[in-house]
Amino acid sequence: MTSAEKYVLAAYLVFLAAVLAYLVIIALKVGRLEQELADLARLARERRGG
Amino acid sequence: MSAYATDVATLARKDVLLELRSRDTLPAMLLFVVSALVVFHFALPADASDRAEIGLFWIALVFTALLGLTRAFAAEREQGLLDGLVLAPVDRSAIWAAKAISVVVFLALAEAVALPAYALFFQPVGWELVAAVVLADVGIASIGALLAAMAAASRSRELLLPLLFLPLAIPAVIGGVGASVAENPASFLGFLALYDAVFAILAWASFEYVVTE
Amino acid sequence: MSSPNRVAAAALATAAAGLLVGGIALAIFWAPEDADQGFSQKIFYIHVPVALTAYAFFGFGAWKALRLLSTRDSRYDLESYTAVHMGVIFGLLTLVTGSIWAKTSWGQWWSWGERQLVLFLVVFLFYSAYFMLRYSTDPGPRRERNSAVFALFGVALIPVSFLAVRIAGTILHPTVFTHDDGVAMPWEMFLAFCICLGGVLALAATFYRVELAGKRIDASLKELREQLA
Amino acid sequence: MIRGREIEKRFGDKRVLRGLDFDVPEGGFLLVTGPNGAGKTTLLRLLAGLAAPNAGELEVAVERAHVGFLAHEPLVYRELTALENLDLYGRLYRVPERRERTGMLLERFGLWEARNERAGTYSQGMLQRLALCRTFLHDPALLLLDEPFAALDDQGADLLQDELAGGRTVVVAAHDPARLATLATARLALA
């Protein structure tokens with residue numbers, strides 16, 4: 001591979017890496033939201049259940 | 001004079017009177033700009049180009065302005081006074097205009113010391129540098145007054161204002177340095193005038209939203 | 001997200017995937033190589049769309065900020081914040097791909113002569129300060145309005161800085177090398193570019209909707225927690 | 001004079017006021033009570049126009065020029081003298097015969113001797129009286145008072161009480177409304 005090709009590949013990989021990193025962040029966020037929702041649901045049940 | 005001009009005059013007089021009474025911003029700016037120039041002298045190699053010296057002058061100017069702007073809404077913030085001004089039957093942009101004028105006054109006084117000092121330490125000062133300084137002051141004060149009010153509402157004021165201000169000051173520095181160095185400074189001075197107009201109008205129109213909820 | 005939203009988001013995501021894959025494939029294999037820059041010019045197909053998307057987000061964020069100031073509806077604060085946040089992410093990507101392109105074209109990671117990139121750096125610095133303003137102001141109408149006004153200043157800064165960088169070029173650092181990617185390019189290149197641009201924009205819109213939904217869920221969970229506490 | 005329907009105000013995700021209804025007729029005296037943090041100050045700020053409700057309708061049939069607002073803060077510059085402070089506000093509110101009115105108010109609230117001293121040298125009680133001078137300077141039709149009797153000695157409190165009886169429309173926030181109970185024509189309790 002010529003050096004130019006290496007750099008072009010690098011640029012596209014950086015873009016791909018950014019997309020994947022963003023997906024990971026979103027996945028973590030969804031996980032956190034689910035956790036928080038579960039806590040609140042439990043809290044609500046306790047409140048109603050007495 | 002129109003009601004607006006009267007209000008701006010009243011508020012600007014108050015700002016200048018406050019400074020004369022507390023005497024903390026102006027002496028600090030004067031001392032800072034001269035000591036900055038002296039430090040720059042040692043920071044520069046003996047055969048430094050004109051442009052390096054001019055560049056450092058503008059850096060000294062921007063940071064002197066920052067020093068003044070950090071104190072701009074100090075009284076209103078520390079004593080929770082902004083409500084008093086916002087309550088008054090006054091166009092809220094008059095508060096901004098008065099503060100911008102007082103910043104220009106303090107900057108002009110600091111430059112009245114800095115320009116001769118620069119001529120003494122570095123190289124003679126041309127008319128185009130003086131014109132660029134005057135134009136840049138207007139833009140810096142217009143933007144700075146609004147950002148100072150914005151930063152006043154935040155926790156880390158002294159830290160935040162430079163971060164908000166410096167990117168917006170880049171065009172002023174480009175225009176200023178360009179006007180002082182280029183053979184025909186007209187295009188740079190024209191640019192500075194445009195910069196002033198754009199941001200003065202935007203600051204004037206949006207200040208109301210920065211001080212009310 | 002409500003169900004029609006979820007369908008729309010799914011459609012956007014698939015469109016993004018399709019356009020991007022197709023566009024990049026066209027760009028790499030089908031579009032002719034640039035006469036003087038050769039293969040390294042292929043970075044153009046990702047760098048420029050990402051930069052344009054970043055600008056689009058900053059403009060969109062300013063539009064939402066204007067809406068917030070005129071209607072006081074704090075829904076726009078979240079939208080403006082998300083848009084600027086996406087703008088900064090794509091801005092970072094623009095700077096990275098831009099410097100890779102500079103490295104392969106002229107052997108140095110950064111060249112002040114490249115006007116577009118220098119302008120982008122100024123705008124990027126400005127919008128990074130946007131977050132400093134948000135993090136240091138307590139949540140509430142004060143933060144919403146200050147952020148909105150600041151976002152409006154950003155939009156004014158872009159053309160002013162564009163002009164400043166241009167005239168700075170005439171004396172401060174003569175532009176030795178620059179990617180003057182005018183539109184006068186072979187149609188194949190332009191077609192590949194448009195497809196890539198469509199792909200990046202669709203991807204950006206997808207991310208925007210997902211992140212906005214995430215922030216809204218965050219807000220309503222907090223409200224729920226407050227009521228239950 | 002003032003009409004509020006379903007007023008709501010939120011600070012970030014904390015809802016401070018929710019579903020508030022109130023009416024204050026001309027010359028009425030509304031007493032707003034409630035513990036600290038119940039939103040009394042927020043309500044007064046809404047009436048003063050310093051903030052806007054997130055939801056609901058609020059009508060205040062008085063422009064800013066005729067509203068007197070006594071906040072927790074005296075809203076006077078510590079570096080300026082009492083005279084300079086009142087002169088500043090007098091100009092901003094375009095008070096006719098500014099000097100005479102300033103003198104009369106300083107006299108009435110017992111600050112005439114200290115008129116040329118900086119507000120920074122004033123005691124808390126004197127500052128509160130200067131704030132009262134500022135509040136009454138432009139003879140407001142609507143008075144918004146936030147814990148007015150805090151930091152006032154008995155003499156100051158009596159002076160204020162006489163002033164309140166002057167037939168103006170008044171909205172007062174206080175958590176120990178001893179002195180105000182007799183004057184109130186309506187009450188609003190914030191939880």
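Only a predicted model underlies this, so the values are computations on that prediction, with no experimental measurement involved. A, B, ... follow the sequence lines: proteins, then strands. Residue 1 opens every chain.
Side-chain contact between Leu81(B) and Val76(D) is absent, with no heavy atoms from C-beta onward closer than 4.5 Å. Arg91(D) has its side chain within reach of Arg13(B): a pair of non-hydrogen atoms, C-beta onward, lies under 4.5 Å apart. For the pair Glu84(D)/Arg21(B), a side-chain contact is recorded, criterion being any heavy-atom separation below 4.5 Å from C-beta on. Proximity of Asp83(B) to Arg45(D): side-chain heavy atoms (C-beta onward) are separated by under 4.5 Å at one or more points.
Of the inter-residue distances, the one linking Lys14(B) atom NZ with Tyr89(D) atom OH reads 8.5 Å to the nearest 0.5 angstrom.
Put simply, of Ala48(D), Ala52(D), Ala51(D), the one with the most heavy-atom pairs under 4.5 Å next to chain B is Ala51(D). Among the candidates Lys9(D), Glu73(D), Arg78(D), the residue making the largest number of heavy-atom pairs closer than 4.5 Å to chain B is Arg78(D). When Leu80(D), Leu46(D), Asp87(D), Val67(D) are compared by the number of non-hydrogen pairs under 4.5 Å with chain B, Leu80(D) comes out ahead.
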TODO: Determine, stepwise, if the pair Gln79(B) / Leu75(D) fulfils side-chain contact (heavy atoms from CB on, under 4.5 Å).
DONE: CA-CA 7 Å; Gln79(B) 300 152 32; Leu75(D) 303 183; over 6 Å; no
- [ ] Tell me, with the steps shown, if Arg94(D) and Asp7(B) meet salt bridge (charged side-chain N to carboxylate O under 4.0 Å, His left out).
- [x] CA-CA 10 Å; Arg94(D) 296 209 174 15; Asp7(B) 294 334; 2.9 Å; yes
- [ ] Any chance you could lay out the side-chain contact (heavy atoms from CB on, under 4.5 Å) test for Leu92(D) and Leu85(B), step after step, and finish with the verdict?
- [x] CA-CA 9 Å; Leu92(D) 294 178; Leu85(B) 301 180; 4.1 Å; yes
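Heavy atoms of other residues, nucleotides or ligands lying less than 6.0 angstrom from CZ of Arg155(B) number more than 12. The 12-atom threshold is not exceeded at OH of Tyr209(B), counting heavy atoms of other residues, nucleotides or ligands nearer than 6.0 Å. Annotation: Gln124(D), atom CD; neighbour count of heavy atoms from other residues, nucleotides and ligands within 6.0 Å does not exceed 12.
Summarising the geometry of Leu18(B) relative to Glu79(D), their closest heavy-atom pair is CD2-CB, 3.5 Å, with the distance given to 0.1 Å.
Tested against Leu50(D), the residues Leu87(B), Val211(B), Thr212(B) include a single side chain to side chain contact (heavy atoms under 4.5 Å, CB included) partner, Leu87(B).
Neither the backbone nor the side chain of Thr135(D) comes within contact range of chain B; no heavy atom of the residue lies under 4.5 Å from a heavy atom of that chain. Interface remark: Ala65(D) contributes backbone and side-chain atoms alike to the contact with chain B (heavy atom separation under 4.5 Å). With a threshold of 4.5 angstrom between heavy atoms, Glu63(D) does not approach chain B through any atom at all.
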